[in-house]
Amino acid sequence: MKAMILAAGKGTRVRPITYTIPKPMIPILQKPVMEFLLELLRQHGFDEIMVNVSHLAEEIENYFRDGQRFGVQIGYSFEGKIDDDGKLVGEAIGSAGGMRRIQDFSPFFDDTFVVLCGDALIDLDLTAAVKWHKAKGSIATIITKSVPREEVSSYGVVVTDDDNRVKAFQEKPSTEEALSTNINTGIYIFEPEVFNYIPSGIEYDIGGDLFPKLVEINAPFYAIPMDFEWVDIGKVPDYWRAIRGVLLGEIKNVQIPGHEVAPGIYTGLNVAVNWDKVDITGPVYIGGMTRIEDGAKIVGPAMIGPNCWICSGVTVDNSVIFEWSRLGPGVRLVDKLVFGRYCVDKTGAAIDVQAAALDWLITDARQAPPADTPIERQAIAELLGTNSI
């Protein structure tokens, strides 16, 4: 069976991570989120998969290649152009436009097919969903999930009649205005006839253009509410919650990698640490070839990527540290994410360490140069969770 993963977006709400990593490649404890989607598709018999790519396309293609090692076949549809320097320049054409481009190139979708957004962890029973879709005689089906009413303002709400036929959409309505608590999860089932309503050669979106058109013409268009695990990684706070959820055992379909060297403490290969001279409280994951010096303190849930160096006196509390990071002596990170040259709090607010000439943030906080203004000093203090500046 055939499927498509939507992977062309720039992931602007997950910056700064997506400056150098496309959103489908964002790691959940060292494993790209899109890899989990491939595993799910394979489990339910979907082994021919097209992926539309644009932003940092080569990162996705170089990792997954033809899909052979994942037990599937993968093809890629690049959306963009090659500039005068021979570089790929992404120009996404919308989710439905991406589907249309694949079909126009050579009719690929010749039977019922599934489309998934490439930025969520799910454990959906796709087989049951497709069976329901076919029984309804639907041309398009949205998989929805019920959320608490106080959360509806963060999502697109799907409004249906008593027969689950889609009647309207509400984009991030207030709790008072929401006509439903069923939200669009970015998981769709289509029949090839849907291409009759997707124009060629223009930017066209599934949610913003195609679905309203299907409602307008009263097409057999349904939504099925299902109870399944769905962890969206649309924004930095979502990613933060996903890592915490895995470490705390709240996300069932993701296993903590490595070896459990002590209760709640997992490591990759060849971690350099004197366990009796550090203070580590799980759940914590430490990547391979990471060095943790004596006197460091790590409080979980926390993740430290591979090839990191945590110096003496460092405190890492409820934080996520990406690979190749060095935290200098005395640095104290509470509720922070360190990614390359960026330090981010769990709301997504970030400081560009390099641009701000704050090398001390990941070298030696005790020798910090003075910030230029009281406002800068306060901002840095708040980001670091300390009043020591």
Side-chain angles (χ1 to χ4, degrees), residues 2-9 13 37 50-52 54 77 79 92-104 108-109 111-120 122 124 126 129-130 132-147 151-174 177-226 228 230 232 234:
K2 297 177 179 179
M4 178 178 177
I5 295 177
L6 301 171
R13 295 182 300 164
L37 294 176
M50 288 299 302
V51 182
N52 69 326
S54 183
S77 174
E79 298 173 10
I93 55 177
S95 48
M99 291 166 52
R100 178 85 246 186
R101 186 180 187 279
I102 292 168
Q103 195 73 349
D104 286 346
F108 175 74
F109 301 107
D111 200 351
T112 305
F113 65 99
V114 169
V115 174
L116 307 175
C117 290
D119 60 355
I122 58 177
L124 175 68
L126 282 173
V130 170
W132 188 95
H133 162 89
K134 290 183 174 181
K136 281 289 187 181
S138 181
I139 189 175
T141 297
I142 305 174
I143 309 302
T144 63
K145 181 177 176 62
S146 181
V147 299
E151 296 181 13
V152 293
S153 60
S154 297
Y155 302 102
V157 169
V158 183
V159 183
T160 62
D161 62 17
D162 292 340
D163 192 37
N164 292 112
R165 195 165 187 140
V166 177
K167 307 303 293 182
F169 299 92
Q170 293 179 293
E171 184 59 28
K172 298 179 180 179
S174 66
E177 296 174 336
L179 300 177
S180 169
T181 59
N182 290 329
I183 63 166
N184 183 354
T185 63
I187 305 169
Y188 314 118
I189 307 170
F190 292 113
E191 295 299 318
E193 289 77 15
V194 77
F195 289 104
N196 295 333
Y197 308 102
I198 304 175
S200 296
I202 66 170
E203 186 174 334
Y204 210 70
D205 184 63
I206 292 176
D209 299 305
L210 174 61
F211 286 166
K213 179 66 175 179
L214 296 180
V215 171
E216 177 188 339
I217 65 174
N218 199 32
F221 175 28
Y222 293 86
I224 172 175
M226 298 186 72
F228 65 103
W230 178 69
D232 181 32

TODO: Give a yes or no on whether the backbone of Q170 and the side-chain of E177 come within a donor-acceptor separation of less than 3.5 Å.
DONE: no
Open item on the list: A side-chain contact here means heavy atoms from C-beta on lying under 4.5 Å apart; do V157 and L179 qualify?
Closed with: no
List the atom pairs, donor and acceptor, that lie under 3.5 Å between side-chain atoms in residues 202-209 and the rest of the protein, sequence neighbours left out.
from : atom 1 : to   : atom 2 : distance (Å)
D205 : OD1    : S95  : OG     : 3.0
D205 : OD2    : G207 : N      : 3.1
D205 : OD2    : G208 : N      : 2.7
D209 : OD2    : D205 : N      : 2.8

- [ ] Might you point out which heavy atoms bring A92 and A8 nearest each other, and give the distance in Å?
- [x] CB-O, 4.1 Å
- [ ] For S180 and V152, work out which heavy atoms get closest and say how close.
- [x] O-CG1, 3.9 Å
- [ ] Kindly write out the residues that satisfy side chain to side chain contact (heavy atoms under 4.5 Å, CB included) with S146, not counting sequence neighbours, or none if the list is empty.
- [x] T181, N182
Open item on the list: Under the rule for side chain to side chain contact (heavy atoms under 4.5 Å, CB included), what residues qualify as partners of I93, not counting sequence neighbours?
Closed with: E79, R101
Task: Closest contact, heavy atoms only, D104 versus S200 - done: OD2-OG, 2.7 Å
Task: Residue among I5, L37, L6, I102 satisfying side-chain contact (heavy atoms from CB on, under 4.5 Å) with V51 - done: I5
Task: Spatial distance of atom CE (M226) from atom CG (L126) [nearest 0.5 Å] - done: 8.0 Å
TODO: Taking the six-membered ring for Trp and the full ring for Phe, Tyr or His, determine whether the centres of Y197 and F221 are under 6.0 Å apart.
DONE: no
- [ ] Please work out whether the ring planes of F190 and F113 are parallel, tilted or perpendicular, with thresholds of 30° and 60°.
- [x] tilted
Task: For T112, all residues meeting side chain to side chain contact (heavy atoms under 4.5 Å, CB included), sequence neighbours excluded - done: V130, H133, K134, I189, E191
- [ ] Can you measure from CG (N164) to CH2 (W132) and round to the nearest 0.5 angstrom?
- [x] 4.5 Å
Task: Rounded distance (nearest 0.5 Å) linking atom CD1 of I217 with atom CD1 of I139 - done: 7.0 Å
Open item on the list: Angle between ring planes, W230 versus Y155, binned at 30° and 60°: parallel, tilted or perpendicular?
Closed with: tilted
Open item on the list: Any non-hydrogen side-chain atom of M4 less than 4.5 Å from a side-chain atom of F109?
Closed with: yes
TODO: Report the distance from atom OH of Y188 to atom OG1 of T141, rounding to the nearest 0.5 Å.
DONE: 12.0 Å
Open item on the list: Suppose the criterion is salt bridge (charged side-chain N to carboxylate O under 4.0 Å, His left out): which pairs have a residue in residues 154-166, not counting sequence neighbours?
Closed with: K136-D163
Task: For A223, all residues meeting side chain to side chain contact (heavy atoms under 4.5 Å, CB included), sequence neighbours excluded - done: I142, T144, V158, T160, V166
TODO: Heavy atoms only: give me the nearest D111-P192 pair and the separation to one decimal.
DONE: N-CG, 3.4 Å
- [ ] Kindly indicate whether the side chain of T185, heavy atoms from C-beta on, has any atom under 4.5 Å from the side chain of I122.
- [x] no
Open item on the list: Measuring from atom CD of Q103 to atom CZ of R100, what distance do you get when rounded to the nearest 0.5 angstrom?
Closed with: 6.5 Å
